[in-house]
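Throughout, a chain's letter reflects where its sequence line sits, starting with A, and its residues are numbered from 1. Both backbone and side-chain heavy atoms feed into the values below; hydrogens, waters and symmetry mates do not. Since the structure is predicted, the reported quantities are computational estimates derived from the model, not experimental observations.
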There are 2 protein chains.
Amino acid sequence: MNAIHPDMVNERLRGCGILPTAQRVRIASVLLAAPLHLTADQILAELRNRGEKVSKATVYNTLNLLAGKGVIRQLAVDGDRAWFDSNTTPHFHFQDVDTGALTDLPPETVRFEQLPPPPAGMEYAGIELFIRLRRV
Amino acid sequence: MNAIHPDMVNERLRGCGILPTAQRVRIASVLLAAPLHLTADQILAELRNRGEKVSKATVYNTLNLLAGKGVIRQLAVDGDRAWFDSNTTPHFHFQDVDTGALTDLPPETVRFEQLPPPPAGMEYAGIELFIRLRRV
DNA sequence: ATATGTGCAAATCCTTTGCATAGAA
DNA sequence: TTCTATGCAAAGGATTTGCACATAT
């Protein structure tokens, strides 16, 4: 798996007003090493795999904290579990319906010719686009 | 709340190879009365409200059965709970981020200028588009 | 009679929470 | 110190499941 220098993660967290504790840096390092889509359990497994000690509760707490600060994005793909995306730029996703795996859509491959105006008194808060794929 | 004639539901189920038991007809009647987005609990509440006796297990079993047969569609909006949509024609949704409520997007208000081709060996299995809204 | 559906309660899975301990400022 | 984070285990909420009973053909 990809690596990112702890100092970078450290600064990134500090820059968002997040106290960069050892656990938080470990957790964030997994996701921030590359544009990735991971579940809480996958992150925990990767950390265990690296021999790094973090509790499940702290993984969840930290992921929620990071998502709240906009460092990562939480995705509701299926009702089963939450996915966390280290790519916070506007983009959409392919999803393999069999494995559940997510892939970023190259942003330039999606263009809307027309989108509905928000209803009166409402404004856009985000657009979620999933293209589900199955093996031919 | 809207009503639909039980006989219609009956036939609809039979047409899909679903044995139209009393409970199934009751459950399906709630959703099929109109284009609706409801959670399992909302459906159960509506049935209780009507004085109709159905167990929670049967509501879930039936909704899964109906979704499997394509009579309704299951939506993963947020990770919290499943929504069931009686509109099975291709369409997209607004979602109020505060209430979670879903609204159908008028289909003609969304047009894609470009969509990515499916990766090699894969084919489209569906497109999910949620436009999240918040109060101004 | 034989298959299938229903209901209850218990079990599961993901996620959150309470609280005592550990760490940071 | 004083405030905040961590970890464990327990709690929570949505959904599924096992099994005895009821219903459909």
Side-chain angles (χ1 to χ4, degrees), chain A residues 6 9-11 13-14 16-31 37-48 51-69 71-84 100 102, chain B residues 6-7 9-11 13-14 16-31 37-48 51-69 71-85 100 102:
Chain A
V9 176
N10 230 285
E11 278 174 38
L13 298 187
R14 233 183 258 289
C16 300
I18 299 174
L19 181 67
T21 65
Q23 286 86 335
R24 286 174 179 172
V25 172
R26 286 179 203 140
I27 293 163
S29 295
V30 175
L31 267 170
H37 311 96
L38 296 171
T39 66
D41 263 329
Q42 290 175 330
I43 293 168
L44 187 59
E46 169 64 18
L47 291 170
R48 297 268 151 91
E52 297 179 332
K53 208 178 123 299
V54 186
S55 72
K56 182 174 281 202
T58 298
V59 170
Y60 276 104
N61 287 340
T62 300
L63 290 173
N64 287 336
L65 180 66
L66 294 175
K69 297 288 188 178
V71 180
I72 61 178
R73 186 149 70 106
Q74 187 172 170
L75 302 175
V77 181
D78 46 48
D80 297 343
R81 74 206 105 256
W83 292 81
F84 295 90
L102 295 172
Chain B
D7 289 355
V9 176
N10 230 283
E11 279 175 37
L13 297 188
R14 232 182 259 289
C16 299
I18 298 173
L19 181 66
T21 63
Q23 286 86 336
R24 287 175 179 170
V25 172
R26 286 179 201 139
I27 294 163
S29 294
V30 174
L31 266 170
H37 310 95
L38 296 172
T39 66
D41 263 330
Q42 290 175 331
I43 293 168
L44 186 60
E46 170 62 17
L47 290 170
R48 296 269 151 91
E52 298 179 331
K53 208 179 124 295
V54 186
S55 74
K56 182 174 283 203
T58 296
V59 169
Y60 276 105
N61 287 339
T62 300
L63 290 173
N64 288 337
L65 180 66
L66 295 175
K69 299 286 188 180
V71 181
I72 60 177
R73 186 148 71 105
Q74 186 171 172
L75 303 174
V77 182
D78 47 49
D80 296 342
R81 78 208 108 255
W83 292 81
F84 295 89
D85 189 345
L102 295 172

At what distance, to the nearest 0.5 angstrom, does [atom1] of [X] lie from [atom2] of [Y]?
X	Y	atom1	atom2	answer
B:N61	B:R24	CG	CZ	8.5 Å
A:T58	A:R26	OG1	CZ	10.0 Å
B:F84	B:L75	CZ	CG	9.0 Å
A:K56	A:R48	NZ	CZ	8.0 Å
A:L31	A:I72	CG	CD1	5.5 Å
B:T21	B:I27	OG1	CD1	7.5 Å

Look at the side chain of [X] and decide which nucleotide, out of [options], has an atom nearest to it.
X	options	value
B:S55	C:dC8, D:dG7, D:dA5	C:dC8
A:R24	C:dT6, C:dT15, D:dA5	D:dA5
A:L19	C:dA24, D:dT17, D:dT15	C:dA24
B:R81	C:dC8, C:dC14, D:dT15	D:dT15
A:A82	C:dT6, C:dT15, D:dT15	C:dT15
A:D41	C:dG7, C:dC14, D:dT15	C:dC14
A:T58	D:dA14, D:dG7, C:dT6	D:dG7
B:R14	D:dT25, D:dT15, C:dG7	D:dT25
A:K53	D:dG7, C:dC14, D:dT15	D:dG7

For [X] and [N], what is the distance between atoms [atom1] and [atom2] respectively, to the nearest whole Å?
X	N	atom1	atom2	result
A:D78	C:dT15	CG	P	10 Å
A:D80	D:dG13	CG	C1'	15 Å
B:L47	C:dG7	CG	P	11 Å
B:Q74	D:dA14	CD	C1'	11 Å
B:Y60	C:dT6	OH	P	16 Å
B:I43	D:dA14	CD1	P	14 Å
A:L13	D:dT4	CG	P	18 Å
B:Q42	D:dT15	CD	P	11 Å

Mind checking A:N61 for me? I need base, sugar-phosphate or nothing, with any heavy atom below 4.0 Å counting as a touch.
->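 Answer is base: heavy atoms of A:N61 come under 4.0 Å of a base.
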If you look at every strand shown and take non-hydrogen atoms under 4.0 Å, does B:A22 touch a base, only sugar-phosphate, or nothing?
-> nothing
Pick the nucleotide of DNA chain D nearest each of B:N64 and A:K56; which residue has the one closer to the 5' end?
-> A:K56
Compare side-chain N and O positions of A:T21 against OP1 and OP2 of D:dT4 and report whether any pair is under 4.0 Å apart.
-> no
Within the structure, does a side-chain N or O atom of B:Q23 lie under 4.0 Å from either OP1 or OP2 of D:dA22?
-> no
What does D:dT23 pair with, Watson-Crick or G-U, if both distances are under 3.5 Å?
->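 When the pairing criteria are applied, nothing turns out to pair with D:dT23, so the answer is none.
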